[in-house]
Amino acid sequence: DVKVTQSSRYLVKRTGEKVFLECVQDMDHENMFWYRQDPGLGLRLIYFSYDVKMKEKGDIPEGYSVSREKKERFSLILESASTNQTSMYLCASSWGRNTEAFFGQGTRLTVV
Amino acid sequence: GENVEQHPSTLSVQEGDSAVIKCTYSDSASNYFPWYKQELGKRPQLIIDIRSNVGEKKDQRIAVTLNKTAKHFSLHITETQPEDSAVYFCAASGLSGGSYIPTFGRGTSLIVHP
């Protein structure tokens, strides 16, 4: 089974902190994604990566950056956390174009 | 870019009834249409998908239909059971440029009453 693991299930951070969300997949997938999930808004793409050290902006990249130094790991960085970044964050990976996306269990981030 | 609209946002049915969720997409280059189910507190998981070279696909009580001309696709669940209660997301993606990145609908919360 493909496993996509996010480092934290729940996280509480203070406004202005730098926050790192980590995601690791164990199936040698090319593509990795970070989504934000908010009620009524569905899954919105923040960033994606199709190869090591490659990254592309999604629909809502403002306030976020990413890092992919190794194929299996994709990190989401909140440079200076704000309360409007309180949300559920989902990492996903897929092996190629137009293939099934496998999701992590999600990180519920609360910024206070 | 691609835009996916999903309706309804909430669907309440009695156990044993059928449920239909509809999605429309904007990019005619899209050719892959997956559906994901997210149970409460769990991660989204693929339940069925369809590619543009077919019009319908079935898997037991679940079916998906695709109308490429009208740019819409639908999820059909027959003989619903309480364990079908979840949020369902449709998505669309293509092969050109960055369009292979799936764009998701906003989700439908399906509630099946025993």
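All values below come from the heavy atoms of this structure, side chains included, with hydrogens, waters and symmetry mates left out. Chain letters run A, B, ... following the sequence lines, proteins first, then strands; residues in each count from 1. These numbers come from a predicted model, not from an experiment.
- Both the backbone and the side chain of B/Pro44 come within less than 4.5 Å of a heavy atom of chain A.
- Contacts of residues 105-114 of chain B with chain A at a heavy-atom distance below 4.5 Å involve B/Gly105, B/Arg106, listed in sequence order.
- Hydrophobic clustering, with ILVMFWY side chains joined whenever heavy atoms are under 4.5 angstrom apart, groups B/Phe104 together with A/Phe33.
- Residue A/Lys57 qualifies as open at atom NZ: its count of foreign heavy atoms under 6.0 Å is 12 or below.
- In this structure, A/Phe74 is not a member of the same hydrophobic cluster as A/Trp95, with clusters built from ILVMFWY side-chain heavy atoms closer than 4.5 Å.
- Grouping the Ile, Leu, Val, Met, Phe, Trp and Tyr side chains by contacts below 4.5 angstrom, directly or via other members, places B/Val87 apart from B/Ile77.
- The same ILVMFWY cluster, assembled from side-chain heavy atoms under 4.5 Å apart, contains both A/Met54 and B/Ile101.
- Heavy-atom distances place the side chain of B/Tyr36, and not its backbone, under 4.5 Å from chain A.
- When A/Gly96, A/Pro39, A/Gly104 are compared by the number of non-hydrogen pairs under 4.5 Å with chain B, A/Gly104 comes out ahead.
- Within 6.0 Å of NZ on B/Lys22 lie no more than 12 heavy atoms contributed by other residues, nucleotides or ligands.
- Proximity to chain B is limited to the side chain of A/Asn31, based on heavy atoms less than 4.5 angstrom apart.
- Note on A/Leu43 and B/Tyr88: separate hydrophobic clusters, where clusters join Ile, Leu, Val, Met, Phe, Trp and Tyr whose side-chain heavy atoms are under 4.5 Å apart, directly or indirectly.
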Which side-chain N or O atoms in residues 13-21 of chain B pair as donor and acceptor under 3.5 Å with protein atoms at least two apart or in another chain?
unit_1  : atom_1 : unit_2  : atom_2 : d
B/Asp17 : OD2    : B/Gln14 : N      : 3.4

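- Contact count against chain B (heavy-atom pairs under 4.5 Å) is highest for A/Glu100 among A/Glu100, A/Arg44, A/Gln105.
- Proximity to chain B (any heavy atom under 4.5 Å) is restricted, for A/Gln37, to the side chain, taken from C-beta onward.
- B/Pro102 has its side chain within reach of A/Tyr35: a pair of non-hydrogen atoms, C-beta onward, lies under 4.5 Å apart.
- Using a 4.5 Å cut-off between heavy atoms, A/Leu90 touches chain B through its side chain atoms alone.
- When the heavy atoms of residues 45-64 of chain B are compared with those of chain A, the residues falling under 4.5 Å are B/Leu46, B/Arg51, listed by number.
- Heavy atoms from other residues, nucleotides or ligands lying under 6.0 Å from CD of B/Glu79 number 12 at most.
- B/Phe89 meets the ring-ring contact (aromatic ring centres under 6.0 Å, His included) test with no other residue; sequence neighbours excluded.
- Residue A/Leu45 touches chain B through its side chain alone, counting heavy-atom pairs closer than 4.5 Å.
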